[in-house]
Amino acid sequence: MKAIVVESPGGLDKLVLRDLPAPVPGPDDVLISVVYAACNWSDLQKREGVYPHPVKYPAVMGLEVSGRVAALGRKVKGLAVGDRVAAVTGPNLLGGYAELCCVHKDYIIKLPDSICLALGAAFPVTGQTAYHLLHTAHHIKRGETIVIHAISGAVGSMTLQLALKAGAKVIGTVGNRYKARQAQVLGAHLVIDRSREDFVEAVLDFTSGRGADLVIDSLGGDILRRSFDALRPFGRVINIGEASGYPDFDIRPVLYQRSTSLAGFEFLHAGPGSLRWKKGVHTLLNGFAQGWLHLPVVARFPLAEAAKAHELLAGRGVQGKVLLAVNEDR
C-alpha cells in the first residue's frame, strides 16, 4: 500500500510517499480502505517534531479517516465488509495518510447514509473535541458566557455551534477581521478582532464587568495568560493547544487573582467506545443530519500532495477542514 511517511522530523520535504506492507487486523481491529484522511494542526507538529507527546519515527501521519471496511477481526461485531465508516486512528493518532488503516473497534464510527465520506473524515476529532470540551471537561449551562479563541478554525466553529445549541452566549476571538465573518454567520454574539482591540476589555464590556464563565484557548502564549483577566470569579480556562507559543508565566498568582482555574484537555480521555463517547458521536451525527451543525471541507489534495495540504494549514487562513483524497470516492 502507499502511505505518507515521516522518517525524521523536519520541513515539508519530510512528507514522503512510500510503499509499505498492508497492516493486518488483530482480533479487535477493523481494516479500513481509506477514501479520505483529514489533515490537522497536530499532524504539522508531529512532522516538525514539536508535538507535546513522544512520536516514534518513522511514522505515518494522520489521526482521522473515512472509508469502507476492508476486513474485520474475529471479535468485531456489528460491522460488515463494505460498510462506510469514519475513525480516529487510535491512541497514537497516527496511520491515516495511507491506502489502508488498521483501527481498534472502539475508535470506529459507522456512518449513516446522510453523512458523506468527506464529512466523515472531517468531523471525528474536531467534533468530539468540541463536544467533550463543553459537556465533559465542562458542564455547560444555559445562559453561560463562553469565550472561544480562534473561533474561525474547525474546532472553534464546532464549539461555537454546540455551545449555541446548549443555550450559551458565545464570544469569539480571531487574529484579523477577515476571519470574523464565518463566526458571525454561525451566530456568535460577539467576535473580537485581536489585531484591532483588546479582547479582555471587550469581554468585560460585553458582560458588564462580570467576566466570562469559561475561556477555551488553543493559542497559548500571552493569550493564555490574559484570558484569566477576562474571567468572572471562579471562572475557568481550558487549554487545548499552543498554536501561538508555549506560555511562560507563574500560574499560581494568576489563579488567585479571581479564584479561577486552569484545565488541560485531551479528547481521548472521553473514552473511545464508552457510553460518553457514543453520546458525543450521536449528538454530532444528529446535528449534521438535522442541519444545525456544519463543518465545511475547504480543500482536498491527492495523497501524494500531503505537503501542499500542510503548507495550506500552516498559513492559518483555513476556516474548515483540509482532506487528502486517498482512494476514489465511489
Side-chain angles (χ1 to χ4, degrees), residues 40-41 122-123 125-127 129-135 137-138 140-232 235-244 260 262-263 265 267 284 287 292-296 298 313 315-321:
N40 290 276
W41 188 260
F123 88 87
V125 172
T126 300
T129 296
Y131 176 86
H132 290 291
L133 272 171
L134 297 173
H135 295 282
H138 184 71
I140 190 169
K141 299 179 182 66
R142 181 169 294 275
E144 283 189 324
T145 299
I146 295 176
V147 176
I148 304 171
H149 289 308
I151 198 170
S152 65
V155 171
S157 66
M158 289 286 280
T159 308
L160 161 62
Q161 294 170 79
L162 289 166
L164 291 174
K165 187 69 173 178
K169 296 178 181 178
V170 181
I171 302 170
T173 80
V174 293
N176 60 63
R177 63 187 177 90
Y178 301 106
K179 295 182 178 181
R181 179 61 178 164
Q182 179 174 289
Q184 292 166 339
V185 169
L186 290 173
H189 294 84
L190 175 67
V191 182
I192 303 164
D193 175 3
R194 297 189 308 274
S195 71
R196 299 165 65 92
E197 57 184 319
D198 184 287
F199 77 85
V200 174
E201 291 183 5
V203 170
L204 293 177
D205 182 63
F206 181 86
T207 59
S208 300
R210 176 179 180 270
D213 298 282
L214 173 69
V215 176
I216 296 173
D217 169 56
S218 59
L219 300 175
D222 187 56
I223 299 296
L224 175 60
R225 164 63 189 87
R226 301 201 65 240
S227 292
F228 292 93
D229 297 333
L231 287 175
R232 65 164 173 81
R236 191 180 194 201
V237 174
I238 303 179
N239 174 254
I240 60 172
E242 295 80 26
S244 294
T260 52
L262 170 66
F265 176 80
F267 80 102
L284 296 166
W292 59 264
L293 192 58
H294 306 274
L295 180 59
V298 297
L313 279 179
R316 299 191 183 183
V318 173
Q319 299 184 47
K321 294 289 284 196

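Values reported hereafter were calculated over all heavy atoms of this structure, with side chains retained and with hydrogens, waters and symmetry mates removed.
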According to side chain to side chain donor-acceptor pair (under 3.5 Å), who are the partners of [X], at least two apart in sequence or on a separate chain?
{"X": "Lys179", "result": "none"}
{"X": "Asp205", "result": "none"}
{"X": "Ser195", "result": "Asp193"}
{"X": "His135", "result": "none"}

Would you say His138 and Glu144 make side-chain contact, with heavy atoms under 4.5 Å? yes
Do Val203 and Leu190 have side chains that approach each other closer than 4.5 Å (heavy atoms only, starting at C-beta)? no
Atom pair [atom1] ([X]) and [atom2] ([Y]), whose distance is rounded to the nearest 0.5 Å:
{"X": "Leu186", "Y": "Trp292", "atom1": "CG", "atom2": "CH2", "answer": "12.0 Å"}
{"X": "Met158", "Y": "Ile148", "atom1": "CE", "atom2": "CD1", "answer": "11.5 Å"}
{"X": "Ile171", "Y": "Leu214", "atom1": "CD1", "atom2": "CG", "answer": "11.0 Å"}
{"X": "Ile223", "Y": "Glu242", "atom1": "CD1", "atom2": "CD", "answer": "13.0 Å"}
{"X": "Leu284", "Y": "Phe123", "atom1": "CG", "atom2": "CZ", "answer": "6.0 Å"}

Can you pull the salt bridge (Lys or Arg N to Asp or Glu O under 4.0 Å) pairs that have at least one residue in residues 209-225, sequence neighbours excluded? Arg210-Asp213, Asp213-Arg232, Arg225-Asp229
[X]: what forms a side-chain contact (heavy atoms from CB on, under 4.5 Å) with it, not counting sequence neighbours?
{"X": "Leu262", "value": "Leu224, Phe228, Val237, Asn239, Ile251, Leu255"}
{"X": "Ala183", "value": "Ile151, Leu160, Ala188, Val191"}
{"X": "Thr129", "value": "Val125, Leu133, Val155, Phe265, Phe267"}

For residues [X] and [Y], report the shortest heavy-atom separation together with the two atoms involved.
{"X": "Ala163", "Y": "Leu134", "value": "N-CD1, 3.5 Å"}
{"X": "His189", "Y": "Ala168", "value": "CE1-O, 3.5 Å"}
{"X": "Ala154", "Y": "Lys321", "value": "CB-CD, 3.8 Å"}
{"X": "Gly127", "Y": "Leu162", "value": "O-CD1, 4.4 Å"}
{"X": "Ala150", "Y": "Leu219", "value": "CB-CD2, 4.2 Å"}
{"X": "Ala263", "Y": "Arg236", "value": "CB-NH2, 3.5 Å"}

Set of residues satisfying salt bridge (charged side-chain N to carboxylate O under 4.0 Å, His left out) with respect to Arg226, sequence neighbours excluded: Asp198
I need the full list of side-chain hydrogen bond (donor to acceptor under 3.5 Å, both in side chains) pairs touching residues 155-177, with sequence neighbours left out, sorted by first then second residue. His149-Thr173, Thr173-Arg194
